[in-house]
J.: 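Mind having a look at this structure? Questions to follow.
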Amino acid sequence: MNVLVINAGSSSLKYQLLDVDTREVYAKGNCERIGIDGSFVGHEELGGDKQKLEVELPDHKTAIKYVFDILKTVDKPIGGIGHRVVQGGWYFPESAVVTDETLAWVREVAPLAPLHNYAEADVIEICRDMFPEIGNVIVPDTAFHYNMPERAWRYALPRDVVDKYHVRKYGAHGTSHRFIWRSTKELLGDKCHKLVSCHLGSGASLCAIEDGACMDTTMGLTPLDGLIMGTRCGTLDPATVFYLNRVGGYSIDDIDTMMNKQSGLLAVSGVSSDSRDVEDGAAKGDANCQMALDMFYYRTSQLIAEMAASMEGFDTMVFTAGIGENSDEMRAGVAERLGWMGVKIDPEKNAGRASEPRVISADDSAVTVLVVPTNEEYMIALDVEELLG
């Protein structure tokens with residue numbers, strides 16, 4: 001089956017058309033600055049050159065029309081459309097075929113991820129209207145974490161509040177963590193039972209996976225919790241919000257923006273939210289950049305130990321996503337702080353970016369450490385094939 005995978009954001013839309021059986025990607029691209037001046041469509045086909053089309057994209061409906069017009073040149077029949085949905089809330093323990101009811105659920109839980117879910121719901125509706133003959137599937141990022149143990153997802157808040165407002169740990173990046181488990185298990189077989197998946201990018205999370213089941217993850221009610229990220233602060237004392245509001249005079253919206261868009265590596269380094277810029281700054285002697293790296297290594301290793309504790313140990317650890325796949329410096333920095341747990345990587349095996357899965361741990365490491373390029377689009381396509389095929 002050929003599947004079109006769509007990932008819609010508040011002002012962007014990424015797409016990929018691939019063959020589930022061969023994993024061949026026929027075309028991929030992105031629509032950027034939707035509803036903003038300077039919008040464009042970037043497009044790339046198998047064996048072809050990259051294109052950049054500067055076009056007006058006033059809304060997602062216009063963007064989707066451009067995507068389907070462009071894909072006509074690929075001449076591959078689309079058997080189904082898979083939609084990455086950031087927040088599945090309390091409705092989606094697994095992926096689901098789009099119906100009037102399931103689409104309504106995506107909108108109902110949107111307050112938990114307002115910048116993404118509303119746009120994603122709109123795009124799903126547009127696809128159904130434009131191509132009613134093609135089935136659509138919702139693949140929530142939160143589904144993989146839905147059935148983690150209650151001790152991991154429940155917050156110590158009054159039950160009536162938790163039940164009324166559906167307050168719990170939902171996590172994110174579940175599709176990526178699910179792919180990492182699948183790929184690592186294919187590589188290691190019976191040697192892998194307790195895995196800590198490290199999705200390290202501009203957005204970052206860890207996941208404890210025991211024999212295919214999520215036992216815990218670092219993101220919480222929202223993707224703000226857990227690790228230090230590009231512009232997100234990660235875990236901190238929740239009373240910080242009250243303090244900044246009462247003493248600093250910041251509004252709740254101000255604090256929301258601060259913690260999501262003005263914090264993390266950007267805030268500590270004072271240079272950039274991009275880890276590559278931070279690494280360059282540290283190499284040139286910038287103390288703030290070095291502190292940003294030190295904090296990233298410290299917090300990541302600390303939470304890896306927390307994930308391992310949720311499984312009472314771990315035998316495998318995997319680095320993935322933008323930073324995890326591409327920065328050997330970051331991988332080494334995190335692994336070094338886990339030496340007391342028996343984690344040891346081989347500098348030569350670790351060197352360079354990862355274009356394919358590989359083991360980077362030393363022969364005498366107590367934990368097998370790998371770097372595995374993630375492929376969320378493929379996982380989404382597999383779900384589409386399973387539900388529509």
J.: Please determine if Lys284 and Asp286 form a salt bridge, counting it only when a charged side-chain N lies under 4.0 Å from a carboxylate O.
T.: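 Salt bridge flag = no for Asp286 with Lys284.
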J.: Work out which heavy atom in Asp141 is nearest to a heavy atom in Thr175; give both atom names and the distance.
T.: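 Shortest heavy-atom contact: OD1-OG1, 3.4 Å.
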J.: Return yes when atom CE of Met1 has more than 12 non-hydrogen atoms of other residues, nucleotides or ligands closer than 6.0 Å, and no otherwise.
T.: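 Enclosed.
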J.: Do Val241 and Leu224 belong together in a cluster built from hydrophobic side chains that touch within less than 4.5 Å?
T.: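 They do share one cluster, since a chain of ILVMFWY contacts under 4.5 Å joins Val241 to Leu224.
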J.: What heavy-atom pair brings Gly171 and Thr142 nearest, and what distance separates the two atoms?
T.: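 Between these two residues, the closest heavy atoms are O-CG2, 3.3 Å.
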J.: Can the positive tip of Arg337 be found less than 6.0 Å from the middle of the six-membered ring of Tyr298, inside 45° of the ring normal?
T.: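 That pair does not qualify as a cation-pi contact.
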J.: Quick test of your reading of the model: are Asp122 and Lys61 salt-bridged, counting only N-O distances below 4.0 Å?
T.: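 Salt bridge between Asp122 and Lys61, a charged N being under 4.0 Å from a carboxylate O: no.
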J.: Has Met295 got more than 12 heavy atoms of other residues, nucleotides or ligands less than 6.0 Å from its CE?
T.: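 No, CE of Met295 has 12 or fewer neighbouring heavy atoms, counting only those of other groups under 6.0 Å.
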J.: Can you name the nearest heavy-atom pair linking Leu388 to Gly80, along with the distance?
T.: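 The pair with the smallest heavy-atom distance is CD1-CA, 3.9 Å.
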J.: Of the non-hydrogen atoms in Ala354 and Val371, which two are nearest, and what is the gap between them?
T.: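 Nearest pair, atom of Ala354 first, then Val371: CB-CG2, 3.4 Å.
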J.: With a 6.0 Å cut-off (strictly less than), is the heavy-atom count around CD of Glu56, excluding the residue itself, greater than 12?
T.: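 It does not: Glu56 CD has 12 such atoms or fewer within range.
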J.: Among Ile, Leu, Val, Met, Phe, Trp and Tyr joined by side-chain contacts under 4.5 Å, find the other residues sharing a cluster with Leu157 and list them by chain and number.
T.: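 Same cluster as Leu157: Val85, Trp90, Tyr91, Phe92, Val98, Leu103, Trp105, Val106, Val109, Leu112, Ile124, Ile138, Tyr155, Val161, Val162, Tyr165, Val167, Tyr170, Leu221.
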J.: Should side-chain heavy atoms under 4.5 Å link Ile, Leu, Val, Met, Phe, Trp and Tyr, which residues sit in the same cluster as Trp153?
T.: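 Trp153 clusters with Met148.
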J.: Think Arg168 forms a cation-pi with Tyr146, using NZ or CZ under 6.0 Å from the six-ring centre and within 45 degrees of its axis?
T.: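 Judged by the rule, Arg168 and Tyr146 form a cation-pi pair.
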J.: For residues Thr374 and Ser176, report the shortest heavy-atom separation together with the two atoms involved.
T.: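 Distance-wise, the nearest heavy atoms are OG1-OG, 2.8 Å.
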J.: Taking only Lys NZ, Arg NE, NH1 and NH2, and the carboxylate oxygens of Asp or Glu, determine whether Asp100 and Arg128 approach each other closer than 4.0 Å.
T.: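 Looking at Asp100 and Arg128, the cut-off is met.
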J.: Donor-acceptor pairs are to be reported for all side-chain atoms of residues 205-214 against protein atoms at under 3.5 Å, with residues two or more places apart or in another chain.
T.:
residue, atom, partner, partner atom, Å
Ser205, OG, His173, ND1, 2.8
Ser205, OG, His177, NE2, 3.0
Asp211, OD1, His193, ND1, 2.8

J.: Should the pair Asp315-Lys191 be classified as a salt bridge under the 4.0 Å nitrogen-to-oxygen rule?
T.: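 Salt bridge absent between Asp315 and Lys191.
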J.: Rounded to the nearest 0.5 Å, what separates atom OG1 in Thr235 from atom CD1 in Ile228?
T.: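 Answer for the OG1-CD1 pair, Thr235 versus Ile228, is 9.5 Å.
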J.: Any salt bridge linking Lys72 with Asp69? Criterion: basic side-chain nitrogen under 4.0 Å from a carboxylate oxygen.
T.: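 Looking at Lys72 and Asp69, the cut-off is met.
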J.: If I take atom CD from residue Glu94 and atom CG from residue Asn147, how far apart are they, to the nearest 0.5 angstrom?
T.: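 Answer for the CD-CG pair, Glu94 versus Asn147, is 8.5 Å.
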J.: Could you tell me whether Lys349 and Asp363 have a side-chain N and a carboxylate O separated by less than 4.0 Å?
T.: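 Result for this pair is yes, salt bridge flagged.
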J.: On the ring face of Tyr26, is Lys76 found with NZ or CZ under 6.0 Å from the centre and within 45° of the axis?
T.: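 Yes, Lys76 lies over the aromatic ring of Tyr26.
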